[in-house]
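Below is one structure; the comments refer to it alone.
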Amino acid sequence: MNPTLVRWLQAPSIILLLIWMIVPLAMTLYFSTQRFNLLYPERTGFIGLSNYKFFWTDPSFMPALLNTLVLVGSVLTITVVLGLAVSLLIDREFKGRGIARVMLISPFFIMPTVSALVWKNMLMDPNNGLFAAFSNALGFTPVQWLQDMPLFSIIVMISWQWTPFAILIFMTSLQSQDQEQMEAAELDGASFFSKFYNLTIPHLARPISIVILIQMIFHLATFAEIFVTTSGGPGVQSTNLTYLIYIQSQQAFDVGVASAGGVFAIILANIVAIFLIRAVGKTLTV
Amino acid sequence: MTDKQRIILKNRIAVTFAWIAAILFFFPIFWMVLTSFKTEGQAIAVPPQLFFEPTLENYLEIQERTNYTKFAINSLITSFGGTLLALMIAIPSAYAMAFNTGKWTKDILMWMLSTKMLPAVGVLMPIYFLAQKFNIYDTKFLLIVIYAMMNLPIVMLILFNYFREIPKEILEASRMDGTSTFNEIREVVMPLAWGGIASTALLSVILCWNEAFWSIVLTTTDASTLTAFVASFQAPEGLFWAKVSAVSTLACAPIVVFGWLAQKQLVQGLTFGAVK
């Protein structure tokens, strides 16, 4: 192919993505330095870093940042540990394995809004939910899940959706593990833990890092689950950064402050991104 | 106990736990489907009922009384539209990169991937204003464009990986015969990469179908998709559980089945080809 044609074929994707990235980013940066509230359209002008300061010193900011980190950290720990355990359990021949696999990965394909509603109503509702029924049957007072431990409840919902993702990836990766090596280790009398530590973990190192990094992108941006279940409350107990910025823009109509928050979210995501790009870049043989 | 017996016993215990895990994970879905066949009274009954006379009433009612069909069509149009648009942009580009890999190819692909790191909420206001300005707020067109751009980097990366697996000799042979580039893509590359393109499309459709930020923020009524429709049920506390379940079951069923069928490809797609 001649070089000109190659360039023409590549151009659309590169140019479109460049626009998709640069234009909104530039606008966000610009808005973040402006006095810009939809409720007071007459007040405009450059105000330097005031919006950042406002966002930064907002009493909701620290809790929201903390919630974001707790949410991401907990979900990552739960999904990776549970995902590893379950994929090791299922990594053997047995009758109905295909069905068990399908049952295990299904939650990953459920819409986030559906999953949030099912958990909020049918499982966690303190009056009519299933968990309440179990508590009553065992003689306990039903827990007010979303009222008393909102962040934990949301972590549970998200982990339910994303552990299947980890299982799916680990399961696939385990199938390519060297079986002869495992059997040799078995014959040599290696214990489960030494096999797990010395053979399985090194084999799964890359899948684990990819699972962690991809989940980070998604969980830093958690929105639907919070929107549908707690709306960030009670107070700011389940508000994360994404939701805080959403509130600034859609309820306080403060475009300037929301944009400053947006810039903050972008920086946070890009710190994660650097690691992901490195991990994926290594696997891309060009 | 002999070694063999010990291994069999160990296996049995592992399988038992695997089934327990499978049942626990699947249970909320099972419960949702079950609830969709209850009456509203049965749905909120205390204690919850496992055995009851199933009814199709909810499914009939959501077709008659809500705009379910409209939202389902919106979801279909936006996810397939977004996917198609992304593929149309990505196929020629990925093809050019895969068969004419240059010094910058890897960097370009990595840069494309890095645009995924722009969190939606970070560019919410600009997209909102641009949509208002161009009069495309709350239109399917807007969602199609956003979904296409959202998935373009992943689609590019997966297609690039697939195209690279096509032996170069086949292409060279067809070039010797004097085939034009357009015909080369259509007659040689596409048939060979068909499986890859189909599974890429599948992944993209799944991601669009379940997308729940832009569809909630950028639509009000006209272009609302099923994710936004389901989210609108959040308000009335404890009402209409059976109907919500019916809507949810209908909204999730096609994608769950899609997901089952394409497990292998999904793993490749979701890990950008790093796990096969």
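Order of the sequence lines fixes the chain letters, A, B, ..., with proteins taken first and strands second; residue numbering starts at 1 for each chain. Since this is a predicted model, take the numbers as computed values, not measurements.
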Compare every heavy atom of A:T28 with every heavy atom of B:V123, then report the nearest pair and how far apart it is.
-> CA-OG1, 3.8 Å

Could you give me the CA-CA distance, side-chain angles and deciding distance for B:Y128 and A:S249, then say whether side chain to side chain contact (heavy atoms under 4.5 Å, CB included) is met?
-> CA-CA 10 Å; B:Y128 181 81; A:S249 66; over 6 Å; no

The interface call for B:I206 against chain A, heavy-atom contacts under 4.5 Å, is side chain

Engaged part of A:L117 at the chain B interface, taking heavy atoms whose separation is under 4.5 Å = side chain

Proximity breakdown for B:I91 and chain A, heavy-atom pairs closer than 4.5 Å = neither

Measuring heavy-atom distances to chain A, does B:F30 have an atom under 4.5 Å in its side chain, in its backbone, in both, or in neither?
-> neither

Can you check whether B:P92 reaches A:W8 side chain to side chain, under 4.5 Å on heavy atoms?
-> no

Ring centroid separation A:Y246 to B:F213 under 6.0 Å = no

Rounded to the nearest 0.5 Å, what separation is found between the CD atom of A:Q250 and the CD1 atom of B:I216?
-> 11.0 Å

B:P119, B:A94, B:P48: which one forms the most heavy-atom pairs within less than 4.5 Å of chain A?
-> B:P119

Between B:F25 and A:F108, is the ring centre distance below 6.0 Å?
-> no

Calculate, to the nearest 0.5 Å, the distance between atoms CG and CE belonging to B:L24 and A:M103 respectively.
-> 9.0 Å

Heavy atoms of B:P28 and A:V118 approach each other most closely as O-CG1, 4.0 Å

Which answer fits B:S114, side chain, backbone, both or neither, if we ask what part of it has an atom under 4.5 Å from a heavy atom of chain A?
-> both

Any chance you could measure A:M111, atom CE, to B:I255, atom CD1, to the nearest 0.5 Å?
-> 7.5 Å

Value for CG (B:L159) from OG (A:S13), rounded to nearest 0.5 Å, stands at 11.0 Å

Part of B:I23 lying under 4.5 Å from any heavy atom of chain A | both

Should we count CZ of A:R92 as having more than 12 external heavy atoms under 6.0 Å?
-> yes

Considering non-hydrogen atoms only, spot the tightest contact between A:A265 and B:V121 and give its length.
-> CB-CG1, 4.2 Å

Show the numbers, then the answer: is there a side chain to side chain contact (heavy atoms under 4.5 Å, CB included) between A:I245 and B:L124?
-> CA-CA 9 Å; A:I245 299 166; B:L124 168 64; 5.5 Å; no

Non-hydrogen atoms of chain A under 4.5 Å away: do they reach the side chain of B:A21, the backbone, both or neither?
-> both

For the residue pair B:W19 and A:F94, categorise the inter-ring angle as parallel (less than 30°), tilted (30 to 60°) or perpendicular (more than 60°).
-> perpendicular

Looking only at B:F27, B:W209, B:F229, B:F26, most heavy-atom pairs under 4.5 Å shared with chain A are made by B:F26

Identify which of B:L152, B:V247, B:T115 forms the greatest number of heavy-atom pairs closer than 4.5 Å to chain A.
-> B:L152

Donor-acceptor contact present, side-chain A:T113 to main-chain B:V230, <3.5 Å = no

Measure distances from B:N11 to the heavy atoms of chain A and classify the residue's part below 4.5 Å as side chain, backbone, both or neither.
-> both

Contact leader toward chain B among A:T163, A:V23, A:V86, where contacts are heavy-atom pairs under 4.5 Å = A:T163

Distance (rounded to the nearest 0.5 Å) between B:Q263 CD and A:R101 CZ = 4.5 Å

Going from OG on A:S115 to CG on B:N210, what distance comes out if it is rounded to the nearest 0.5 angstrom?
-> 10.0 Å

Name the member of B:F258, B:F129, B:F17 that forms the most heavy-atom pairs with chain A at distances under 4.5 Å.
-> B:F129

Part of B:M97 lying under 4.5 Å from any heavy atom of chain A = both

B:W111 and A:M21, any side-chain heavy atoms less than 4.5 Å apart | yes

Apply side chain to side chain contact (heavy atoms under 4.5 Å, CB included) to the pair B:W241 and A:N128, showing each step before the final yes or no.
-> CA-CA 10 Å; B:W241 286 11; A:N128 308 83; 3.6 Å; yes

Counting only heavy atoms closer than 4.5 Å, note whether B:I89 contacts chain A via side chain, backbone, both or neither.
-> both

Using non-hydrogen atoms only, which part of B:A90 is less than 4.5 Å away from chain A: side chain, backbone, both, or neither?
-> neither

